[in-house]
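Residue indices begin at 1 and follow the sequence shown.
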Amino acid sequence: MPNIIEIHDFSDPALDVFARLTEAQLRNRLEPEKGIFIAESPKVIHRALDAGYEPVSFLMERKHIEGQAADLIARCGDTPVYTACKRLLASITGYELTRGILCAMRRPRLPSVEEICAGVHRVAVLEGIVDPTNIGAIFRSAAALHMDAVLVTPTCCDPLYRRAARVSMGTVFQVPWTRIGENHTQWPQPGVSRLQKLGFKTAAMALSDRSVSIDDPKLMGEGRLAIVLGTEGDGLAMATIAQCDYTVKIPMSHGVDSLNVAAASAVAFWQLRYR
C-alpha cells in the first residue's frame, strides 16, 4: 500500500533532506555510506531506480500521487510519500519544483578508477568543472556519444547534485563514473600517471602551440583514450596539459577561439569515439 503522508509539521526531521540540508550535508563525506542525494522529475527518478538506486522518501504535489507519479509510487512499495500543495512545497524547498516530484535516494559506493576503466576504450575526465548545468550536459553527451565512463577530479561539481542529474536527463545513472583522487593533491598527479599505467593515452583539450587537430589520424586511432576537459573560463591547468600525451584543439572559424565546455565535450566525444 502507498505510504502517503500529508505535511502538517514543517519541522518534521523527515523533511530535512528536502528543506534544511545543504548538498554537502547530503553527501555526508565523513560517512559516505549514509549519504543521500535528491533526484527530481519522473524520468530522472525512473532512471535512477532502473540503475538500482534505493529510494528513501518522496516529496510531491498532491495532484501527482494519482497522476505522473503513480507508477513511481507503485514501484517503491511503502517508501514514504510526503505531500502538500504546490505553494507549500515551494515554501519548504525554497524553489518551485520543476516537475513537482522529488525523491531522496541513497548514494551508492563509488567504484575505483581501476574498476571503472577495466576493458573500456574511451573515458572522459572532467577537471574542476563547477557548474552543475555543464556537468549534466556533459554526462548526457557522454551517454549519447560513445563514452564508456566518466572520471571527475576532486574539485569537480558532484554529478549527483540535483540540477546536474536533472540536466543530464538521468544519464548520470547510466554512464559509469567515479572520482579520480580524494583531494586536490591527487590531480593532475598521480591521476594522469594512473590512467597511463592503465594503458590510456591522455588527450588534453586545450589550445597551445603543440595542439593537434581533433581529427588527427594517430589520435583518432588510439585504442584507449582519456579525453580531459577543463573548467569553465580558465580551461585545463598548465600542469595537466604538460603531463598529457596529446594536446588537442577543435578547429574554429569566424574568429571564435573556443566553445563552452559542454559543447566542446560533445564535439570531442563524437570525433574521438572508439571505432
Self-check item: Glu66, CD: over 12 other non-hydrogen atoms inside 6.0 angstrom
Solution: no

Quiz item: Has Met252 got more than 12 heavy atoms of other residues, nucleotides or ligands less than 6.0 Å from its CE?
Solution: yes

Quiz item: When you check the gap from the basic side-chain N to the acidic O, do Glu40 and Arg163 get nearer than 4.0 Å?
Solution: no

Practice problem: Indicate yes or no: does Glu114 engage Lys197 in a salt bridge with an N to O separation below 4.0 Å. | Solution: no

Check: [Y] main-chain N/O paired with [X] side-chain donor or acceptor under 3.5 Å:
X      : Y      : value
Asp148 : Val123 : no
His146 : Arg273 : no
Arg166 : Ser41  : no
Arg224 : Cys117 : yes

Taking atom [atom1] of [X] and atom [atom2] of [Y], what is their separation to the nearest 0.5 Å?
X      : Y      : atom1 : atom2 : value
Leu145 : Trp270 : CG    : CH2   : 7.0 Å
Gln243 : Trp187 : CD    : CH2   : 8.5 Å
Trp177 : Leu160 : CH2   : CG    : 4.5 Å
Tyr246 : Leu219 : OH    : CG    : 5.5 Å
Cys156 : Ile138 : SG    : CD1   : 7.5 Å
Cys244 : Ile227 : SG    : CD1   : 11.5 Å

Exercise. Start with the C-alpha distance between Leu151 and Val113, add both sets of side-chain angles, then the distance that settles side chain to side chain contact (heavy atoms under 4.5 Å, CB included), and finish with yes or no.
Key: CA-CA 8 Å; Leu151 304 175; Val113 172; 4.2 Å; yes

Exercise. Indicate the atoms forming the closest heavy-atom contact of Phe139 with Leu126, along with that distance.
Key: CE1-CD1, 4.5 Å

For residues [X] and [Y], is any side-chain donor paired with an opposing acceptor at under 3.5 Å?
X      : Y      : result
Arg75  : His46  : yes
Arg179 : Thr153 : no
Glu6   : Thr83  : no
Asn134 : Glu232 : yes

Practice problem: Apply side chain to side chain contact (heavy atoms under 4.5 Å, CB included) to Phe58 and Ile45, showing your working. | Solution: CA-CA 10 Å; Phe58 287 97; Ile45 297 167; 4.2 Å; yes

Exercise. Check step by step if side chain to side chain contact (heavy atoms under 4.5 Å, CB included) holds for Gln271 and Asp215.
Key: CA-CA 7 Å; Gln271 183 65 39; Asp215 59 358; 3.8 Å; yes

Quiz item: Is the charged tip of Arg107 near the ring of Phe37: under 6.0 Å from the six-membered ring centre and within 45° of its axis?
Solution: no

Exercise. Assess whether side chain to side chain contact (heavy atoms under 4.5 Å, CB included) is satisfied between Thr247 and Val212, documenting all intermediate values.
Key: CA-CA 6 Å; Thr247 306; Val212 300; over 6 Å; no

